[in-house]
Amino acid sequence: MSSNRLVSPWIPFAGSLGADWQSAALTLLEKLFYYSVTIWSVRAAGFPLRGAAALVAVALLTIEILQMYLPSRSPEITDPILALLIGFGLQSFKRTSSPSGTSA
């Protein structure tokens with residue numbers, strides 16, 4: 001039995017914190033890239049940013065729930081939470097216009 005099975009799947013970042021920090025950091029950066037690109041692409045397709053982040057988070061949550069029923073898979077709540085955090089981060093970087101019409 002792998003050590004990931006001993007960690008509760010509903011504790012965010014538990015798998016990353018229990019793993020070797022170098023491989024966990026690389027995996028986290030890879031997920032940050034892929035989820036950011038996915039959210040940005042869904043947003044570019046016409047969804048509002050919050051809706052895009054929610055859509056990606058729901059898709060990731062569905063995948064994690066399905067992994068509970070697959071052998072040798074370890075579900076984690078980290079991925080949907082990471083997508084929501086990315087959406088929040090992108091929302092905070094969104095340009096706002098000042099009353100004069102110039103960007104801030």
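One is the number of the first residue; the rest follow in order along the sequence. Both backbone and side-chain heavy atoms feed into the values below; hydrogens, waters and symmetry mates do not.
When all heavy atoms of V56 and A83 are compared, the pair lying nearest together is CG1-CB, 4.0 Å.
When the side chains of ILVMFWY residues are joined at heavy-atom separations under 4.5 Å, either directly or via intervening members, L49 and Y34 end up in a single hydrophobic cluster. Both V37 and W40 belong to a single network of hydrophobic side chains, linked directly or stepwise wherever heavy atoms of I, L, V, M, F, W or Y lie under 4.5 Å apart. Hydrophobic clustering keeps L84 apart from V42 (ILVMFWY residues linked when any side-chain heavy atoms are closer than 4.5 Å, directly or through intermediates). L55 and I63 fall into different hydrophobic clusters, where Ile, Leu, Val, Met, Phe, Trp and Tyr side chains are chained together by heavy-atom contacts under 4.5 Å.
Side-chain contact check for L32 versus L29: some heavy-atom pair is nearer than 4.5 Å. Using a 4.5 Å cut-off on side-chain heavy atoms (C-beta onward), L28 and L82 make contact. Residues L26 and E30 form no side-chain contact, since every pair of their non-hydrogen atoms from C-beta on lies 4.5 Å or further apart. No side-chain heavy atom of I11 sits under 4.5 Å from any side-chain heavy atom of I77. In this structure, P48 and R43 have side chains that are not in contact, with every pair of non-hydrogen atoms separated by 4.5 Å or more.
Sorted by first and then second residue, the salt bridge (Lys or Arg N to Asp or Glu O under 4.0 Å) pairs involving residues 10-29 (not counting sequence neighbours) form an empty list.
A 6.0 Å sphere centred on CZ of F13 holds more than 12 heavy atoms belonging to other residues, nucleotides or ligands.
The backbone N or O of P75 lies less than 3.5 Å from no partner atom in the side chain of E64, so there is not a single donor-acceptor pair.
In terms of the side chain to side chain contact (heavy atoms under 4.5 Å, CB included) criterion, residue partners of A53 (sequence neighbours excluded) are, by chain and number, I39.
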